[in-house]
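To keep things clear, I will list the structure first and then write my remarks on it.
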Amino acid sequence: MTTKPDHTESSSTGYALSRIALILATIVLIVWALPRTTRQQYHYDVDKPWMYGSFIAQFDFPIYKTDETIKAEQDSLISQFEPYFSYDTEVEKRHINKFLYDFQNGIPGLSSDYINVIIDRLHRLYQSGIMSPVQYERIARDSTNMVRIINGKEATSLQINCLYSTKTAYTQLFTDEKLAPHRAILQKCNLTEYIAPNVLYDKERSEAEKADLLSSIPLASGMVLSGQKIIDRGEIVDEYTYRVLNSFDREMQRRSQSSHEIATTVLGQILYVGIFIMLFTIYLFLFRKDYFESTRSILMLYGMITVFPIIVSIMMGHTILSVYIVPFAIVPILTRVFMDSRTAFITHAIMIMLCAAAVKYQYEFIIVQLTSGLVAIYSLRELSNRAQLFKTAVLITLASVAVYMSLQLMQDNDIFVFDHTMYTHLIVNGVLLLFAYPLMYLIEKTFGFVSDVALIELSNTSKDVLRRLSELAPGTFQHSIMVGNLAAEIANRIGAKALLVRTGAFYHDIGKMQNPAFFTENQKGVNPLNNMDRQQAAQVVISHVTEGLKLADRNNLPAIIKDFIATHHGKGKTKYFYISYANEHPNEEIDEKPFTYPGPNPFTREQAILMMADSVEAAARSLPEYTEESISQLVSRIIDGQMAEGYFTECPITFYDISQAKQVLTERLMSIYHTRVSYPTLNRPADAPSAEEAPRKIGEEPRKRSEKHKKN
């Protein structure tokens with residue numbers, strides 16, 4: 001009993017274009033993020049068996065050395081490298097001239113001949129070469145102790161001990177036989193000011209020579225020829241074979257940089273991603289059209305299957321973190337909580353297949369992640385408390401560990417050899433799954449969904465709106481509780497959302513708090529509506545819907561709860577006042593609008609259930625007697641009348657569902673309004689005391705016995 005919502009031509013076009021744009025955007029974003037590599041992706045490790053078929057080289061490629069080997073060879077060459085230095089002749093001239101200028105009048109205490117002696121000794125030091133102390137000490141610590149001195153176009157190797165540092169040059173001055181006796185006088189001359197490095201480090205030449213030297217190291221140590229067998233299934237991967245396989249990967253990566261191969265890779269990725277996105281879209285269109293037509297639902301679903309492949313692609317391309325720490329099971333958890341199990345599995349499976357296009361070890365990744373998704377769905381039939389999510393994270397971790405261990409046992413056949421790093425990653429994954437709870441709250445606020453946890457919190461009768469309802473309108477509160485229990489049992493019977501309809505029932509009449517005395521269940525013998533005009537009285541009754549919606553807005557109740565308030569009477573009439581008015585004005589054309597609820601009619605199964613339960617429970621209070629026949633007739637009359645008036649034509653409820661609802665309501669009302677057993681009348685003699693006299697006579701017997709005892 002469903003009807004397709006009406007769309008104008010323009011709105012239908014906009015709807016279709018928005019869905020097409022979302023699908024294309026999803027494909028483009030995922031393909032853009034996927035790594036551009038054409039290399040075959042194998043999983044292999046040293047001392048592990050080769051799990052694939054015979055591997056034959058498709059082309060010639062070099063066997064590259066390992067990074068450790070190349071580093072060792074580089075270190076060996078660097079240890080023999082001689083840095084380049086050049087003479088700066090201007091340094092000697094500048095400092096000798098400065099000395100002559102400072103001591104043009106001679107050195108106090110020494111003859112004028114010592115000026116020439118000191119100049120000669122400084123000249124000898126500069127001719128040998130003077131370096132800065134830091135560079136001198138660094139080279140002296142090197143294993144070669146050699147430098148290359150550039151003199152013109154030639155470079156000559158020289159031992160470091162043939163040169164001086166500024167410190168050793170100053171010391172050398174005072175070892176001279178002519179200057180040594182006058183050390184005390186010469187120290188006052190601050191001769192260090194005239195000693196400066198003239199052998200300077202040639203950084204450009206040294207770096208260029210070092211680069212040439214390192215580039216001479218061959219990166220490969222052999223060749224593999226096209227058609228050569230590298231390894232066969234079951235053979236153990238040794239160090240050499242590992243290096244050959246790794247060289248093949250590097251060569252494939254190098255070859256994939258050509259524009260033709262990149263274009264081919266991108267085309268393949270577009271086809272791959274497009275196929276899975278279209279399969280997902282077809283599923284939604286055929287089996288979950290309500291999700292496909294809901295903007296918030298489709299944005300959430302396509303968002304999740306887009307975000308995780310992008311995260312995996314980034315991790316594979318730019319970080320050393322394992323993708324196994326990513327909590328992929330958050331997708332089925334959130335989808336199960338806000339939607340249903342089948343959609344949760346399809347969404348998770350599609351997302352994992354898209355992520356597999358970016359990971360290196362696809363077989364293990366798909367098996368482990370599909371298992372974790374299934375466990376997440378099985379363990380979250382209903383999320384009613386925080387502890388349940390913790391248990392789900394533990395179960396997912398245990399299942400992932402067990403599946404990965406089984407794969408290792410099948411591959412290695414050794415129970416004592418395990419890859420402990422992977423188990424650490426899976427445990428971290430389980431911890432990160434706990435972030436599903438705050439994400440749940442974020443999604444509720446972003447997309448307007450309501451989780452089971454939120455419904456449980458809303459149905460707490462001791463808080464906020466429901467507490468005030470119990471205080472201001474206790475009769476309405478009890479009616480809402482009864483309706484909630486009846487509606488929940490119907491929902492359980494037909495497979496609808498029991499928690500949702502129960503919570504909606506608790507709030508459906510909150511508008512009656514504004515004027516509780518105008519509603520029968522809160523009255524104590526006096527009905528103020530009897531003294532009012534029929535139209536005015538009808539408006540007072542109808543106002544509990546509009547006032548309820550206003551109250552729901554003020555208390556930030558979710559939209560899904562407000563829908564129950566708006567639809568529990570649909571577009572029905574306040575029949576009592578409408579019929580009374582019609583009878584009082586037989587010749588008048590009656591305007592039905594003042595007697596009609598604003599609606600809309602129910603558009604979900606849960607809303608239809610609430611309408612049936614609410615109407616039947618209210619009417620059952622007025623039955624003169626409660627028998628199975630009277631209750632069954634009441635239930636059938638009310639629900640059949642609602643069907644005849646078309647209240648359920650806009651919601652996906654079936655005739656079978658309605659028949660089950662009738663049965664549940666009849667059974668429950670029979671148990672609630674059960675008739676008491678009539679007690680039999682006691683047949684007694686004429687002189688026996690009546691029921692009223694019995695307590696008095698029974699009380700007299702002890703008193704008589706007491707008086708007799710006193711006489712004795």
### Message
Does the plane of the ring in Tyr581 sit parallel, tilted or perpendicular to the ring in Phe595? Use 30° and 60° as the thresholds.
### Response
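Answer is tilted, since the angle falls between 30° and 60°.
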### Message
Please verify the inter-ring angle class for His569 with Tyr597; under 30° counts as parallel, over 60° as perpendicular, anything in between as tilted.
### Response
parallel
Quick one: closest heavy-atom pair of [X] and [Y], and the distance?
X: Tyr272; Y: Ala356; result: OH-CB, 4.5 Å
X: Ile510; Y: Phe506; result: CG2-O, 4.3 Å
X: Ser379; Y: Leu395; result: CB-CD1, 4.0 Å
X: Pro602; Y: Cys651; result: O-CB, 3.5 Å

### Task
Carefully, step by step, assess Leu551 and Leu557 under the rule side-chain contact (heavy atoms from CB on, under 4.5 Å).
CA-CA 9 Å; Leu551 189 60; Leu557 294 181; over 6 Å; no
Taking only residues two or more places apart in sequence or in another chain, which ones pass ring-ring contact (aromatic ring centres under 6.0 Å, His included) with [X]?
X: Tyr441; result: none
X: Tyr291; result: none
X: Phe338; result: Phe449

Do the side chain of [X] and the main chain of [Y] share a donor and acceptor less than 3.5 angstrom apart?
X: Ser18; Y: Tyr15; answer: yes
X: His348; Y: Gln369; answer: yes
X: Asp614; Y: Leu610; answer: no
X: Ser636; Y: Gln633; answer: no
X: Gln536; Y: Met532; answer: no
X: Arg19; Y: Glu293; answer: yes
X: Thr627; Y: Ser630; answer: yes

#### Entry: Verdict with supporting geometry, His479 and Glu617, side-chain hydrogen bond (donor to acceptor under 3.5 Å, both in side chains)
CA-CA 8 Å; His479 162 70; Glu617 199 282 331; 2.6 Å; yes
Output the distance between atom [atom1] ([X]) and atom [atom2] ([Y]), rounded to the nearest 0.5 Å.
X: Thr392; Y: Leu380; atom1: OG1; atom2: CG; result: 3.5 Å
X: Glu606; Y: Ile653; atom1: CD; atom2: CD1; result: 9.0 Å
X: Leu500; Y: Ile560; atom1: CG; atom2: CD1; result: 4.5 Å
X: Leu22; Y: Phe292; atom1: CG; atom2: CZ; result: 8.5 Å
X: Tyr283; Y: Leu301; atom1: OH; atom2: CG; result: 9.0 Å
X: Tyr647; Y: Thr567; atom1: OH; atom2: OG1; result: 12.5 Å

Please collect all salt bridge (Lys or Arg N to Asp or Glu O under 4.0 Å) contacts where either partner lies in [range], sequence neighbours excluded, each pair once.
range: residues 484-506; answer: Glu489-Arg668, Arg493-Glu667
range: residues 586-600; answer: Lys573-Glu592
range: residues 653-662; answer: Arg605-Asp657, Asp640-Lys662

### Message
Is there a side-chain contact (heavy atoms from CB on, under 4.5 Å) between Gln660 and Gln663? Walk through the geometry before answering.
### Response
CA-CA 5 Å; Gln660 291 296 306; Gln663 183 177 343; 3.9 Å; yes
### Task
Might you confirm whether atom CD of Glu645 has over 12 heavy atoms from other residues, nucleotides or ligands at distances under 6.0 Å?
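Buried by this count: over 12 neighbours within 6.0 Å.
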### Message
Counting the benzene-type ring for Trp, do His508 and His544 have ring centres under 6.0 Å apart?
### Response
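So the answer is no for these two rings.
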Verify whether one side chain among [X] and [Y] offers a donor that lies under 3.5 Å from an acceptor in the other.
X: Ser459; Y: Tyr507; answer: no
X: Ser632; Y: Thr666; answer: no
X: Arg467; Y: Ser462; answer: no
X: Ser543; Y: Gln514; answer: no
X: Asp340; Y: Thr343; answer: yes

### Message
Apply salt bridge (Lys or Arg N to Asp or Glu O under 4.0 Å) to residues Asp509 and Lys512 and explain how you reach the verdict.
### Response
CA-CA 6 Å; Asp509 272 344; Lys512 293 181 179 181; 3.3 Å; yes
### Task
Determine whether Phe518 and Pro528 make a side-chain contact, defined as any pair of heavy atoms from C-beta on separated by less than 4.5 Å.
yes
### Message
I'd like to know whether Lys550 forms a side-chain contact (heavy atoms from CB on, under 4.5 Å) with Arg554, so could you lay out the CA-CA distance, the side-chain angles of the two residues, the decisive distance to 0.1 Å, and finally the verdict.
### Response
CA-CA 6 Å; Lys550 293 177 183 177; Arg554 288 198 296 269; 4.0 Å; yes
### Task
Could you please spell out the steps behind the side-chain contact (heavy atoms from CB on, under 4.5 Å) verdict for Ile277 and Tyr302?
CA-CA 9 Å; Ile277 294 298; Tyr302 279 85; 4.1 Å; yes
